There are 2 protein chains.
Amino acid sequence: MATIPKSERTKARVLREALSLAGSVGFAGLTFGTLAEQAGISKSGLFAHFESKEDLQIQTLHLAEEMFVDRVLRPAVKEARGTPRIRRLFDGWMEWIQSGAVPRGDILTSAAFEFDDAPDGPMRAAVVEGHGKMQGTIERLARQAVEAGQFRKKTDPAQFAFEFLGIVHAHHHARRLLRTDQHARRARAAFDRLLETYTR
Amino acid sequence: MATIPKSERTKARVLREALSLAGSVGFAGLTFGTLAEQAGISKSGLFAHFESKEDLQIQTLHLAEEMFVDRVLRPAVKEARGTPRIRRLFDGWMEWIQSGAVPRGDILTSAAFEFDDAPDGPMRAAVVEGHGKMQGTIERLARQAVEAGQFRKKTDPAQFAFEFLGIVHAHHHARRLLRTDQHARRARAAFDRLLETYTR
DNA sequence: CGATGCTACGACCGATCGTGCTTTTCTTCA
DNA sequence: TGAAGAAAAGCACGATCGGTCGTAGCATCG
């Protein structure tokens, strides 16, 4: 029989708790003490699964990234190349922020802001790498839109990605700072304006 | 004679150190211990001037706001109403971010991101208030541009402010995360595109 | 000039942090 | 079933956090 090792299940459960905790108090607030309490395990018991706090943070971040790919990226790629795919990515991302899949908005964006001024280290590197991947993905979608004849020939994909991410981040930030959802409207308007000026 | 009270001079000096420190390690990293060391004063001596850490943070934030008004807002207002004033605000802001007036970029934006998910409290309130003021200021500039016949009649000033701030924040963030200045170009391009679509 | 009150100090507190070490308990598999 | 190894607990550590307290000295002002 497919023995589903118990320790793996425990670890998965702990990681889910860690993700939820990071979502509500940030990665810096993700401490061994509070996580142990929330997961119903002893502080030292956690060290059987994570060799350091940094290790814990990174694994939690990776879990969040996997969820993002699952719930946002993968559905988008099912759409036709070009603007439909780009629109779907934006829509999915907005939902991801609002859904509370993770309590306080986009945990990946949160991490990016939390570690943008952190000293160099594995966690920061992981965050930068994640950001780079996103930037790359959006650039690719923009290039596809050019190839499909929907975006202007002289489109700068990196510029498009910069502005795309800027809108998403602005929405995420406004939502957290002001604790209203009314900025979804503004973000969407900005996105529409973005698409419009890039469309030929 | 104008007696320049000594304690005020000390406090001003300490506050400048605090601002510099907050700029390099964030407001959360602004601890009594490190500040005492950097300012050449004892930890307990600090309590003669600041009744709590929160108090210290708020006063430091206010100093930063004053500097921002001095170096960015005031010069902008000297320009003619409408697009010249808006352009000058953007230029000044970009310089403020890059100048290292404060080491790591825009300390006000940093504070906004640092406290967007903080529990309610005086510091968070101060940050929200500061953000509201900025939003209001930009809206006002946008309205003036409409009155001057430069922006379209049907301009939504709040939407303009949202996007303006979004670009500034995106630049600030990219600069901190990737530690390059190459995004100033992208921010400027985004700003030009913003102005263009709002201009009739 | 002399009394008063603010400034600054050093010592110290309890809480919490990340992380070792040692021991107990539980899984896993031959 | 029993041996081996992994998982988890227990306990303690040094550091650092924000903050208090009693006190000494110096600036300020009547």
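Chain identifiers are assigned alphabetically (A, B, ...) following the order of the sequence lines, protein sequences preceding nucleic acid strands; residue numbering begins at 1 within each chain. What you see is a predicted model, and the numbers here were worked out from it, not measured in a lab.
- Residue A:Lys11 contributes atom NZ, which lies 19 Å from atom P of C:dT27 at whole-angstrom precision.
- Using a 4.0 Å cut-off between charged nitrogen and carboxylate oxygen, A:Asp120 and B:Arg179 count as a salt-bridge pair.
- End-to-end axis angle of the helix from C:dC1-D:dG30 to C:dA30-D:dT1, from C1' rotation axes over five pairs per end: 20° (rounded to 10 degrees).
- For A:Ala158, the side chain to side chain contact (heavy atoms under 4.5 Å, CB included) criterion is met by A:Gln135, A:Glu139, A:Asp156, B:Arg186, not counting sequence neighbours.
- The backbone N or O of A:Phe115 lies less than 3.5 Å from no partner atom in the side chain of B:Arg176, so there is not a single donor-acceptor pair.
- An OP1 or OP2 oxygen of C:dT16 is reached within less than 4.0 angstrom by no side-chain nitrogen or oxygen of A:Thr31.
- Under a 4.0 Å N-O distance rule, the pair A:Lys133/A:Glu129 qualifies as a salt bridge.
- Of the charged side-chain nitrogens involved, at least one lies within less than 4.0 Å of a carboxylate oxygen, so that A:Glu163 and B:Arg193 count as a salt-bridged pair.
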Steps toward salt bridge (charged side-chain N to carboxylate O under 4.0 Å, His left out) verdict (A:Asp91, A:Arg188): CA-CA 9 Å; A:Asp91 290 346; A:Arg188 179 157 301 281; 2.9 Å; yes
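- Between B:Arg85 and B:Glu79, none of the side-chain N atoms (NZ, or NE/NH1/NH2) sits under 4.0 Å from a carboxylate O, so this pair counts as no salt bridge.
- In this structure A:Arg74 satisfies the salt bridge (Lys or Arg N to Asp or Glu O under 4.0 Å) test together with A:Asp70, sequence neighbours excluded.
- Residues from residues 53-64 of chain A with heavy atoms under 4.0 angstrom of DNA chain D: there are none.
- At the phosphate of C:dC6, neither OP1 nor OP2 sits under 4.0 Å from any side-chain N or O atom of B:His49.
- Near DNA chain C, meaning a heavy atom under 4.0 Å from it, residues 37-47 of chain A has A:Lys43, A:Ser44, A:Phe47 in order of number.
- Between A:Phe32 atom CZ and D:dA8 atom C1' the separation is 14 Å, expressed in whole Å.
- D:dC26 atom P lies 16 Å from atom CZ of B:Arg9, rounded to whole Å.
- Ring centroid separation for the pair A:Phe113 and A:His169 comes in under the 6.0 Å cut-off.
- Following rounding to the nearest Å, B:Leu35 (CG) and D:dG19 (P) show an atom-to-atom distance of 13 Å.
- Both the sub-6.0 Å distance and the 45° axial angle are not jointly satisfied by B:Lys53 relative to the ring of B:Phe27.
- With sequence neighbours left out, the salt bridge (Lys or Arg N to Asp or Glu O under 4.0 Å) criterion links A:Arg143 to no other residue.
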